[in-house]
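My structure is below; once you've seen it, I'll send some questions.
Proteins get letters first, then strands, A, B, ... in listed order; numbering begins at 1 in each.
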Amino acid sequence: MDSKYQPQQIEGKLYEEWEKKGLFEAKINKDKKPFSIILPPPNANASLHLGHAMYAIEDVMARYHKLLGDEVLWLPGADHAGIETQYVFEKFLRKQDKSRFDFDRQTLFKMIWDFVQENRGTMENQLRKLGFALDWKRKKFTMDEDIVAQVYDTFKKLFDSGLLYRDYRLVNYCTRCGTSFSDLEVVYIERKDPLYYMKYGPFTIATVRPETKFRDTALAVNPKDKRYKKWIGKTIEIPGLLGPIKMTIISDPEVDPKFGTGIMKVTPAHDPHDFELGKKYDLPVTPIITTEGRMDFSWYLSQKNISEKYRARAEKYHHLKVAKAREIMVADLRQDGLLIKIDENYTHRIGTCYRDGSVIEPLPLEQWFIKVKPLVADVKKLLKDKKVKIHPKRFEKRLVDILDNFIDWNVSRQIVWGIRIPAYKCKKKSKVKSQKSKVDEKWFVSIDKPEKCLICGDCKFEQDPDTFDTWFSSSQWPFATLLTQKENKFFNYFYPTTVMETGYDILRAWVARMLMIGYFSTGKTPFEHVFLHGLVRDSKGQKMSKSKGNVVNPMDMVTKYGADALRLSLIFGVGEGNDLPFSEQKVVGMRNFCNKIWNMGRFIYMNRNQKSKVKSQKPKVLDDLKKEFEAEKKNYFKAMNSFKFSQALGDSYEFIWHRLADFYIEQLKDVIINGNIEALEALENVYLENLKMLHPFAPFVTEAVWKTFNGEESSILLEKLTG
RNA sequence: GGACUCGUAGCUCAACGGCUAGAGCAUUUGAUUUACAUUCAAAGGGUUGGGGGUUCGAAUCCCUCCGAGUCCACCA
């Protein structure tokens, strides 16, 4: 044995051997208790960041349960990460002076597919370098054919159950990404924008969006507002930039008389609040901004009998970007004497795209929505019946809160990189003309490509060009990955999975949805336990981000200090579910701990090999050692079985280093060197037992030492850990 | 505006109603022809954010105030 533990020379070889010997492979074994975890699938296209290294907690569980003798499945996978990946790919295209609009759908998809395949191996090998006991033979990709079939199946079931509907409503649209987002993907920021006070017939209104006023469909006041009471219900003519418009004054208690002038313009097509008002009072939805973020005045220009002045204006505005149009219109308003004043100090919050930071436009679009209410009710029952338990407990409250406030889920995305929605629109014109007819009546869903229209039977139906929100496929991950394994019974044996372990930041986006869709599809909870870990931050507690330049590459840490050291540093001394500030110092400390483990082994091993046959008295201190070790073991199992891994590790650390090494070995050093076999054996037993207990946390160093003691062919993973 | 988390040694955090509030790093002093200098022994460093309450006993439970952060909702 070397005088120092050198992980770089050992880790790669050990992992290869584990994988080759199939030690991570799961089988159906009726005599054993199944224990399963599905790895939250990292983005197939990207490298791992430190947050991914937190999956070490899952490895701790997987290896611990292997040692307990359970049948363990830890299933790896990769996510196609729709928007993320398409965004990265478009950046890559831009470098070559191209854009996605230069390619047709099939070509673009194929290009991204190849791009992802090229990069996919990186992430997988990084997971190996971290020592994760993943069953690679069962790995899945969200775009695998069989997974897609599963996703289609779920979509059809939702459709058939009436939980899916198509609706024309305001969605969060990023005109730069060219797609809508769910509400979870909108980031609100505080911003200063001019608030324009405009003359509006007999009134003054305040708005930050004068460019949308052409499509206002009403004015709204508070019913109790004395200033405007006499106007309610009246329709008046108001001079505007493009000539007079007719406007009806409605009243709604939601209008705040104290804001601005107490009278608001209602633009159902471009403001979520106004859209709701529009629905309530049956106002038409009349868009004026396109999905490209440009003004659309074609509705105006197609009219006859407009004066040359107004036509010229409309033509000037037409097709301008929103910001530019606003600028010009404000100038025109001023010219017409319609602008009263500008409040330059108005701050408000606006939605921006989480991906590229551009302003989100609320646009009316037809999209697929999942009715979440019934699903939420089922999940709440699961929680109440303790079919699924949340650790640490405080997150259960948050989950319930999330469920109570879940709004219908928009699953349509207008990007190419994703799973195409298997919905088709009947093109036959319906004979009955009814404005109130629901938009989804003309749609059908089919898992296989349909040969004829399932509604009318003979039209040239069209497939929805949209793809699914990435979370829609992810929400099915626990059961989809198991149902698509070769053995039929694999699913029955391992489902519901035992634990879902992930960061608390995706409790809403992922965990809640997995529970909803998982229960809907299988009638069971997808996992019995949810364990949530915190976020890795930098040493000052700041979020790591590329723009801040404080990102630590986990692989650098592995190269420098070994995978065990990195893993230990992410678990040691961290309260369950708490964020942890990452410091290289701590990794160094854990590297030292690994070295300590190694050298304790070295000391015992050296003396074992030169055992002399001197028989002497059994040292008294051995009784204390036994007692102390029994107590440690008890604590260890208690902590491990209640998801308190940090505590289990902390206790072991304390015992191994400061009791076993600093106290007992020091006490027994002389008698051992003099050949006291009893003392040596007692130490060896306790040490090797501790090696097993520590193996889930530090798999490499423990395995390396184990092999020294028990031969190259042995593996600590084949040992039993008993309480 | 709503919810949650946190405030403990210089720094980062443990301690989850019960021994003298602990660890890592940092600081100071000393040891070692050594299993390990990636070591060991020891020292300094604390009114547990302030105040009040419950209790035989509170960092821990309750109330209140102050401060920091996160998530959610978002009125033109």
A:Tyr346 side-chain N/O to B:A76 phosphate OP1/OP2 under 4.0 Å: yes
Length of the CG-P vector between A:Asp579 and B:C71, whole Å: 10 Å
Protein-nucleotide distance (A:Ile665, atom CD1; B:A41, atom P), rounded to Å: 12 Å
Greater than 12 external heavy atoms within 6.0 Å of A:Lys280's NZ: yes
Straight-line distance of A:Tyr653 OH to A:Leu694 CG, nearest 0.5 Å: 11.5 Å
Mutual orientation of the aromatic rings belonging to A:Tyr5 and A:Trp598 [parallel < 30°, tilted 30-60°, perpendicular > 60°]: tilted
Contact under 4.0 Å: A:Asn578 side-chain N or O vs B:A14 OP1/OP2: yes
Nearest-Å distance once atom C1' is located in both B:U54 and B:U60: 13 Å
Paired stretches of RNA chain B - 3 or more consecutive Watson-Crick or G-U pairs, each distance under 3.5 Å: B:1-7 with B:66-72, B:10-13 with B:22-25, B:27-31 with B:39-43, B:49-53 with B:61-65
Sugar-phosphate, base or nothing in reach of A:Lys265, heavy atoms under 4.0 Å: nothing
B:A21 versus B:A9 - spacing of their P atoms, nearest Å: 14 Å
Proximity to the side chain of A:Arg349 - top-ranked nucleotide from B:A73, B:C25, B:A35: B:A73
Proximal nucleotide (of B:U70, B:A35, B:A76) relative to the A:Arg537 side chain: B:U70
Sugar-phosphate only, base, or nothing, as touched by A:Val588 at under 4.0 Å among non-hydrogen atoms: nothing
Of the listed nucleotides B:C75, B:A35, B:U38, the one nearest the side chain of A:Asn595: B:U38
Nearest-neighbour nucleotide for the A:Asn592 side chain, B:C4, B:A76, B:U39 considered: B:U39
Sugar-phosphate, base or nothing in reach of A:Phe395, heavy atoms under 4.0 Å: nothing
Distance between P atoms of B:G7 and B:C61 (Å, rounded): 10 Å
Pairwise C1' distance, B:G17 and B:G53 [rounded to whole Å]: 16 Å
A:Leu507 CG to B:C4 P, straight-line distance once rounded to whole Å: 14 Å
Under 3.5 Å donor-acceptor, A:Trp510 side chain and A:Ser474 backbone: yes
Touch class at under 4.0 angstrom, heavy-atom based, for A:Arg394 against every strand present: sugar-phosphate
Shortest side-chain distance from A:His658, nucleotide among B:C74, B:G24, B:A35: B:G24
Any A:Lys586 side-chain nitrogen or oxygen under 4.0 Å from OP1 or OP2 of B:A23: no
Nearest-angstrom distance from the residue atom CD of A:Gln647 to P of B:C16: 7 Å
Inter-nucleotide P distance (B:G50, B:A41), Å rounded: 34 Å
Inter-nucleotide P distance (B:G67, B:G44), Å rounded: 36 Å
